[in-house]
J.: 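To start, I am sharing the structure in question, which I have written as structure tokens.
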Amino acid sequence: MSRLKAGDELLSTVFSKDHRYVIPIFQRPYIWDEQNNWRPLWADLRKAAEDVEDESGHESEDPMEYFLGAFVTQYRPPTPRRKPTSDVIDGQQRMTTIQVFLAAARRVATELECREAADNFASLTSNRVSPDSDHPEDRFKIAPLANDRAAFEWSMRPPGDESTAPDPTHRLVRASDWFERQILAWAREHGNEAARLDYLHFAIEHRVKVVSIFLDAKDDPQVIFEVLNHRGVSLDAADLIKNLLFRELERQGDGHLAHELLHKYWNALDSRAWRAEVTTGRVKRSRVDVLLAYWLSAQRGEETSIEHLFDDFKRWMRTTRSRVAEVIPNIRAYADTMDRLENLPISDPVAQVIDRMDATNTTTPWPLLLFLHAEEAVPAEQATAGALAIDSFIMRRAICRVTTADYNRLFSAVLRDLKATDLSRAGDDLRDALARQTAVSRAWPDDETFIAGLRNPNLYRDLIRARLRTLLVGIENHLMSPRSEPGSTYRSKTPALSIEHILPVTWQEHWPLHDDEDEEAYETREAVVHSLGNLTLATKSLNSTLSNSPWSKKRHLLTTHSRTRLTSAAVLTYPGLAQNWTQETWAEVWDELRIDLRAQWLVTLALEAWPRPDHVPTFDGDLLATDELVQQSPTRGSQYTEERSEPGPVREPAGATRRRKRRNEHAVRGDLVALLRAGLIRSGDTLRYSQKRAGETYEGVITNEGTIRTNAGVYRAPSSALIALIGSNINGWTAWTHVQSGRTLAQLRSMTE
């Protein structure tokens with residue numbers, strides 16, 4: 001039977017007895033800081049002391065008590081010739097900080113020659129240990145983790161010790177200095193330093209309490225550990241997982257491996273680099289939590305959200321009965337792989353893949369990437385091939401503006417399948433698996449569809465800016481040759497680069513048409529302003545200088561200052577597809593013809609940079625048709641963040657009419673055809689769905705084929721159209737409202753039955 005005991009206890013009682021509180025190796029290092037922890041703790045202790053000061057001269061019938069939180073400790077069997085010890089299950093951050101505070105108070109009292117207060121504080125900071133003891137470390141009431149030991153012992157130094165801090169940036173060292181300054185300034189406020197320090201000690205001795213929970217050796221501390229982790233600084237999932245793993249190690253009979261696994265594999269994950277916060281989506285998480293979510297996703301073959309990371313990890317351990325002695329080294333292998341991939345030089349192709357993922361906040365492929373590069377059975381060239389396939393898949397879909405909502409399930413499914421195959425060809429198998437996808441939410445755009453996306457005349461307005469930058473930077477880097485200058489490869493987030501229109505958006509003043517050119521010429525020019533052929537990369541300072549300048553000035557500035565090959569190789573000189581031009585005739589003007597020729601050249605480069613295998617099935621009829629994609633120009637959607645205007649008239653690429661005729665011979669009929677035929681809806685009618693809590697509204701337009709056109713594409717079924725917009729499962733028949741009639745699609749359908 002459990003002998004768990006709980007109750008409130010004076011802080012002085014906790015520290016006045018000769019006792020050592022040992023922080024187990026599975027706990028996290030010291031992480032408290034000034035703003036969130038030291039300052040609130042000092043505010044409570046100072047208030048308690050000032051209450052005592054205010055009561056001086058008369059007794060209070062109902063003195064205020066202050067509770068600092070909970071300490072959860074577990075019994076440890078006694079060891080001969082050692083001080084009694086307990087394991088600290090929860091509250092180690094608070095317990096350690098209070099010890100550092102008391103040591104700082106002792107030094108301040110000594111500096112101010114308040115001997116009695118100094119002796120009183122000293123009695124709460126050290127155990128009685130014989131000078132000839134074999135264990136001098138027993139004098140400390142806290143036995144910290146190895147990573148914190150040097151900083152803790154310096155912070156507990158006695159008065160007069162002028163030794164240099166082992167690491168001035170360590171939080172325990174900073175806490176020691178901060179508390180000394182605060183206590184000294186407070187003691188000197190009213191001139192009677194000795195009295196004030198006596199009040200502070202009295203408050204700690206008689207007014208400050210903690211909730212103490214004592215566990216028997218047979219109790220499972222994991223339950224308490226999880227329930228109480230919200231106190232103080234909430235534990236990261238990594239802390240809970242670490243606790244679980246090292247306790248499970250004992251249960252599996254491998255407790256003798258604990259120190260080796262901790263020091264050789266896990267300790268690195270407690271470092272500042274891994275505990276630093278990173279942004280995933282719009283939420284900040286510790287980097288180690290992100291790693292563990294990726295690692296667990298790779299093991300399970302399904303996405304693991306960080307919100308449910310610990311529960312998913314615990315469930316996985318229970319169902320797989322994995323050996324901790326194998327799990328911890330494998331996690332470290334993935335951590336080292338992630339470190340290596342994130343620190344590759346940007347000239348490395350895989351580094352450029354990761355750079356584009358980071359710039360567009362695309363995280364779903366990470367478990368797959370880590371698996372390819374961490375598993376020894378996957379050859380390096382196959383890991384690279386797999387990364388490049390993922391890159392092409394994501395880039396082509398981004399340019400074609402099709403949904404990303406199903407990426408998590410797709411990449412998880414591919415990962416599951418890969419794990420069951422010959423890993424010596426993992427990259428090729430991954431490429432083929434992606435190429436075989438035909439559903440609109442998963443298809444890898446073929447060359448014709450990709451070209452249409454690239455030739456979208458409203459590309460600048462229709463693409464999220466981060467995606468457009470990755471496209472242009474990717475083409476720029478693809479142009480780099482072995483003869484290029486070292487360090488000339490760009491990152492997608494390079495702050496010095498911005499996207500520049502060569503023919504200005506407001507071209508009318510300095511780029512006028514000839515008097516004899518008609519309205520069609522005006523519309524033709526308007527149609528190329530935001531197209532790929534008119535876009536380049538420029539430094540921000542150059543961008544502001546270029547502005548709306550006439551071509552003569554802009555050409556001179558670009559010739560003098562531009563360093564990008566996107567400009568030098570296809571704006572200032574004729575591109576490879578314009579061999580019949582001379583340099584002089586090419587650079588005379590910048591007009592619609594040159595923009596179109598440059599676009600053709602950039603499209604060729606994009607096809608080279610992001611190839612797709614041609615030996616597998618291409619898109620089926622569910623995908624947004626090529627010419628429809630060229631002419632589509634969404635004005636609002638959940639995945640679009642910048643403003644967009646309506647497209648100008650479209651000058652169709654060669655062969656568009658022929659392709660449309662061929663496609664119309666096999667026109668796809670959508671699920672709304674029956675409603676069209678019944679006269680309940682009409683082509684061009686609007687469908688609307690509103691999420692009231694989120695304040696979001698989504699719309700679609702009914703086409704004459706009975707499909708639904710949305711910002712995410714054209715869909716045959718109401719449900720697939722809405723799922724693509726909002727990213728979660730929903731019944732489109734009951735959710736979509738037909739604006740013109742005010743009825744849901746389900747209600748309209750019932751009228752045809």
Side-chain angles (χ1 to χ4, degrees), residues 9-16 19-24 27-49 66-73 86-109 121-127 140-157 165-184 186 200-201 203-205 207-213 228-236 239 270 272 275:
E9 187 175 24
L10 286 168
L11 181 63
S12 59
T13 303
V14 175
F15 289 132
S16 61
H19 198 90
R20 294 181 75 237
Y21 296 96
V22 178
I23 299 177
Q27 297 280 26
R28 62 178 169 184
Y30 186 79
I31 64 167
W32 271 25
D33 61 26
E34 175 188 343
Q35 187 64 34
N36 297 306
N37 311 108
W38 308 336
R39 191 174 294 277
L41 175 64
W42 169 232
D44 284 343
L45 295 174
R46 184 184 62 212
K47 182 64 168 59
Y66 291 83
F67 281 86
L68 297 186
F71 292 160
V72 182
T73 57
S86 301
D87 281 339
V88 183
I89 306 305
D90 189 71
Q92 81 275 11
Q93 303 281 333
R94 181 177 295 103
M95 189 176 284
T96 304
T97 305
I98 292 171
Q99 277 293 294
V100 171
F101 169 85
L102 292 170
R106 177 192 180 191
R107 290 191 296 274
V108 169
F121 288 124
S123 68
L124 300 175
T125 59
S126 59
N127 296 320
F140 296 110
K141 294 186 178 292
I142 303 289
L145 297 178
N147 293 358
D148 295 329
R149 184 169 296 125
F152 176 76
E153 292 184 359
W154 181 87
S155 300
M156 299 301 296
R157 69 196 184 283
D167 177 6
T169 66
H170 195 288
R171 293 194 179 193
L172 281 169
V173 172
R174 289 162 50 201
S176 177
D177 290 341
W178 188 85
F179 280 124
E180 274 198 47
R181 293 195 305 272
Q182 300 302 314
I183 298 169
L184 182 61
W186 176 79
L200 178 61
H201 175 263
I204 292 172
E205 186 87 28
R207 300 287 178 86
V208 178
K209 291 186 173 183
V210 294
V211 175
S212 288
I213 301 174
L228 295 180
N229 81 81
H230 67 280
R231 297 182 183 275
V233 174
S234 296
L235 294 176
D236 293 330
D239 299 309
D270 285 332
R272 295 179 189 175
R275 293 290 174 161

J.: Could I get the full list of side chain to side chain donor-acceptor pair (under 3.5 Å) partners for Trp42, not counting sequence neighbours?
T.: none

J.: What's the separation between atom OG in Ser176 and atom CD in Gln99, rounded to the nearest 0.5 Å?
T.: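 Reported value, rounded in 0.5 Å steps: 12.0 Å.
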
J.: If you look at every heavy atom in Ser12 and Leu124, which pair is closest and at what distance?
T.: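 So the minimum-distance heavy-atom pair works out to O-CD2, 3.9 Å.
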
J.: Nearest 0.5 Å, please: how far is CD in Gln92 from CG in Asp87?
T.: 11.0 Å

J.: How close do Leu68 and Leu11 get, heavy atom to heavy atom, and via which atoms?
T.: CD1-CD2, 4.2 Å

J.: Taking all non-hydrogen atoms of both residues, which atom of Ser123 and which atom of Lys141 are closest, and how far apart?
T.: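 Minimum heavy-atom contact is O-CE, 4.0 Å.
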
J.: Hey, does the side chain of Asp167 reach the backbone of Thr169 with a donor-acceptor pair shorter than 3.5 angstrom?
T.: yes

J.: Check whether any side-chain heavy atom of Gln182 lies under 4.5 Å from a side-chain heavy atom of Trp38, and answer yes or no.
T.: no

J.: Rounded at 0.5 Å granularity, tell me how far CG in Leu102 sits from CG in Leu200.
T.: 8.5 Å

J.: Do Arg275 and Asp270 come close enough that some side-chain heavy atom pair is under 4.5 Å?
T.: yes

J.: Is any side-chain heavy atom of Val14 closer than 4.5 Å to a side-chain heavy atom of Ser212?
T.: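 Yes - at least one pair of side-chain heavy atoms lies under 4.5 Å apart.
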
J.: How long is the straight-line distance from CH2 of Trp186 back to CZ of Arg46, given to the nearest 0.5 Å?
T.: 9.0 Å

J.: Which heavy atom of Asp177 sits nearest to which heavy atom of Trp154, and what is that distance?
T.: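 Residues Asp177 and Trp154, closest heavy atoms: OD1-CH2, 3.7 Å.
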
J.: Take Ile98 and Phe71 through the side chain to side chain contact (heavy atoms under 4.5 Å, CB included) test and state the conclusion after the steps.
T.: CA-CA 12 Å; Ile98 292 171; Phe71 292 160; 4.2 Å; yes

J.: Does some side-chain heavy atom of Arg107 sit less than 4.5 Å from a side-chain heavy atom of Arg157?
T.: yes

J.: Would you find a donor on one side and an acceptor on the other, under 3.5 Å apart, between the side chain of Gln93 and the backbone of Pro29?
T.: yes

J.: Taking all heavy atoms of Ser86 and all of His19, pick out the closest pair and write down the distance.
T.: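 Minimum heavy-atom separation between Ser86 and His19: OG-NE2, 2.8 Å.
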
J.: Will you find, in the side chains of Thr97 and Tyr30, an N or O donor that is under 3.5 Å from an N or O acceptor?
T.: yes

J.: Taking all non-hydrogen atoms of both residues, which atom of Ser155 and which atom of Ala103 are closest, and how far apart?
T.: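 Closest approach of Ser155 to Ala103: O-CB, 3.7 Å.
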
J.: Return yes if some donor-acceptor pair links the side-chain N/O of Gln27 with the main-chain N/O of Ile89 below 3.5 Å, else return no.
T.: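 Yes; at least one donor-acceptor contact below 3.5 Å.
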
J.: Any donor and acceptor pair, going by atom type alone, linking the side chain of Arg106 with main-chain N or O of Ala122 inside 3.5 Å?
T.: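 Flag not set: sc Arg106 to bb Ala122 has no pair under 3.5 Å.
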
J.: Would you call Asp44-Arg207 a salt bridge at under 4.0 Å N-O?
T.: no

J.: Is the shortest heavy-atom distance from the side chain of Glu205 to the side chain of Leu10 under 4.5 Å?
T.: no

J.: Using the rule ring-ring contact (aromatic ring centres under 6.0 Å, His included), only one of Trp32, Phe179, Phe15 pairs with Phe101; which is it?
T.: Phe179

J.: Indicate yes or no: at least one non-hydrogen side-chain atom of His170 is less than 4.5 angstrom from one of Asp148.
T.: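 When only atoms from C-beta onward are counted, Asp148 and His170 do touch, with a gap below 4.5 Å.
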
J.: Any chance you could measure Asp33, atom CG, to Arg174, atom CZ, to the nearest 0.5 Å?
T.: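 Reported to 0.5 Å precision, the distance equals 7.5 Å.
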
J.: Within the structure provided, determine whether Val88 and Met95 are in side-chain contact (heavy-atom separation under 4.5 Å).
T.: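 In contact.
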
